[in-house]
There are 2 protein chains.
Amino acid sequence: MRKGRAHLSKEVCTANLNAVKDALYVLNGKWKLPLIISLQEGPKRFNEIQKSLGEITPKILSKELKDLELNEFVIRRVFSTTPVTITYELTPYSQTLEKVIDELRNWGLQHRERLVANRRNKPIADEPVLDAT
Amino acid sequence: MRKGRAHLSKEVCTANLNAVKDALYVLNGKWKLPLIISLQEGPKRFNEIQKSLGEITPKILSKELKDLELNEFVIRRVFSTTPVTITYELTPYSQTLEKVIDELRNWGLQHRERLVANRRNKPIADEPVLDAT
DNA sequence: GAGTTTAGTTTCCTAAAGGAAAGCGACATT
DNA sequence: AATGTCGCTTTCCTTTAGGAAACTAAACTC
């Protein structure tokens, strides 16, 4: 087990800061990680991705897929069926994100639990309750 | 070692998707994680944080600190010195982000290495995109 | 009472993210 | 010829993020 209490040195913090900024630069935005997660189910077509993500518009989806292609997380394949079939598939490189996604998922799960628990314990905490005049 | 090749089931993907969305909802934006990382060095004052992050303006810093306070990652302490001293300090809850930050940092480091390596290997590679006709 | 320091706030602005709705090109079916 | 499907693109918006510059309140010092 780690201590988790001690402060980090300035040098370590700065190094962490830069590395995390590098990561965030590539993974920024609302859709990059969700998209990658959706494609972990297997290769999908444009409309399938759209359905699986629920809210995304074709414009945004198109842009995000291009970004992910540029960064080599996703490969786009064209099949000359009729009508044309295009699939998007994760690259091996995208698998390097596995642990990041795992930890984000774990954290998201426990965070939600915490929120629910808090809501039960202090239900009307500091809400502006209406005045019964 | 994990396999890392098999596809995930639809149910698992959807669960992951929701959990990661929950996490991203709280950690979104350019500054939340960098700010937390900066405070891992120890409690800091407003101007100290500003210097350590380099580019952030007081308005944004103020807003981000309020967000982090609301989500219980940071505690704001007021000391009645003169002039008044105010410090921002990580809460125990912020330590639950340790692994997330670790993995993001690791990924950021290897991603930067990869970029540098790629730049050496294919310096002017403008890709003539292949068509699978 | 003028100036200093800390910790911000306020005003004004630009750029980027995000989205709704419609259109488009290349087929194929009816 | 008309209609439909797929994989987008285009146009036109609104919203949010982010920032520069100036200002402020409180308490002190000179």
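FYI, side chains are in, hydrogens and waters are out, and symmetry mates aren't considered; it's all heavy atoms of this structure.
The residue B:Phe79 sits apart from the nucleic acid: no heavy atom pair falls under 4.0 Å. As judged by a 4.0 angstrom heavy-atom cut-off over every strand, B:Ile86 is placed among residues touching the sugar-phosphate backbone only.
Between the P atom of C:dT6 and the CD atom of B:Glu48 lies a distance of 10 Å, rounded to the nearest Å. Here C:dT4 presents its C1' atom at 13 Å from CG of B:Asn47, a figure rounded to the nearest Å. Here the P atom of nucleotide C:dA21 and the CD1 atom of A:Ile56 are 17 Å apart, to the nearest Å. Atom pair B:Tyr88:OH and C:dA7:P shows a separation of 8 Å (rounding to whole Å applied).
Remark: A:Arg114 engages B:Glu72 in a salt bridge (Lys or Arg N to Asp or Glu O under 4.0 Å) (not counting sequence neighbours). Remark: A:Thr96 engages B:Trp107 in a side-chain hydrogen bond (donor to acceptor under 3.5 Å, both in side chains) (not counting sequence neighbours). Qualifying side-chain hydrogen bond (donor to acceptor under 3.5 Å, both in side chains) partners for A:Glu64, counting only residues two or more places apart in sequence or in other chains: A:Lys32. Take A:Thr85 and apply the side chain to side chain contact (heavy atoms under 4.5 Å, CB included) test, not counting sequence neighbours, and it matches A:Arg45, A:Phe79, A:Thr81, A:Thr87. Residues forming a side chain to side chain contact (heavy atoms under 4.5 Å, CB included) with A:Lys44 (at least two apart in sequence, or on another chain): A:Ser38, A:Leu39, A:Glu41, A:Glu48, A:Ile49, A:Ser52.
Grouped by direct or indirect side-chain proximity (heavy atoms under 4.5 Å, Ile/Leu/Val/Met/Phe/Trp/Tyr only), B:Val12 sits with B:Leu8. Cluster partners of A:Val116, using a side-chain heavy-atom cutoff of under 4.5 Å among ILVMFWY residues and allowing indirect links: none.
Where A:Glu64 and B:Thr85 meet DNA chain C, the nucleotide closest to each residue was compared, and B:Thr85 sits on the side nearer the 5' end.
Between the two ends of the helix from C:dG1-D:dC30 to C:dT30-D:dA1, each summarised by a five-pair axis, the helix axis turns through 20° (rounded to 10 degrees).
OP1 and OP2 of C:dT6 both lie 4.0 Å or more from every side-chain N or O belonging to B:Arg45.
Of all nucleotides in DNA chain D, those with any atom nearer than 4.0 Å to a heavy atom of chain A start and finish, going 5' to 3', at D:dC6 to D:dC12.
Interface residues of residues 26-38 of chain A facing DNA chain C, ordered by number: A:Lys30, A:Trp31; criterion, heavy-atom separation under 4.0 Å.
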Pairs: protein N or O with nucleotides 9-11 of chain C N or O, under 3.5 Å:
unit_1	atom_1	unit_2	atom_2	d
C:dT9	OP1	B:Lys66	NZ	2.9
C:dT9	OP2	B:Ser62	OG	2.4
C:dT9	OP2	B:Lys66	NZ	3.3

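No donor-acceptor distance shorter than 3.5 angstrom exists from the side chain of A:Ser62 to the backbone of A:Pro58, with no hydrogens or angles considered.
In this structure, CD in B:Gln110 is found 9.0 Å from CG in B:Leu115, a value given to the nearest 0.5 Å. Annotation: the span from B:Lys66 atom NZ to B:Leu70 atom CG amounts to 10.0 Å, rounded to 0.5 Å. Atom CD1 of A:Ile60 is separated from atom CG of A:Leu65 by 11.5 Å, given to the nearest 0.5 angstrom.
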Just list the side-chain donor-acceptor pairs under 3.5 Å for residues 21-29 of chain A, sequence neighbours left out, or say none.
unit_1	atom_1	unit_2	atom_2	d
A:Asp22	OD1	B:Arg112	NH2	3.1
A:Asp22	OD2	B:Arg112	NE	2.6
A:Asp22	OD2	B:Arg112	NH2	3.1
A:Asn28	ND2	A:Tyr25	O	2.4

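B:Arg76 places a side-chain heavy atom less than 4.5 Å from the side chain of B:Ile86.
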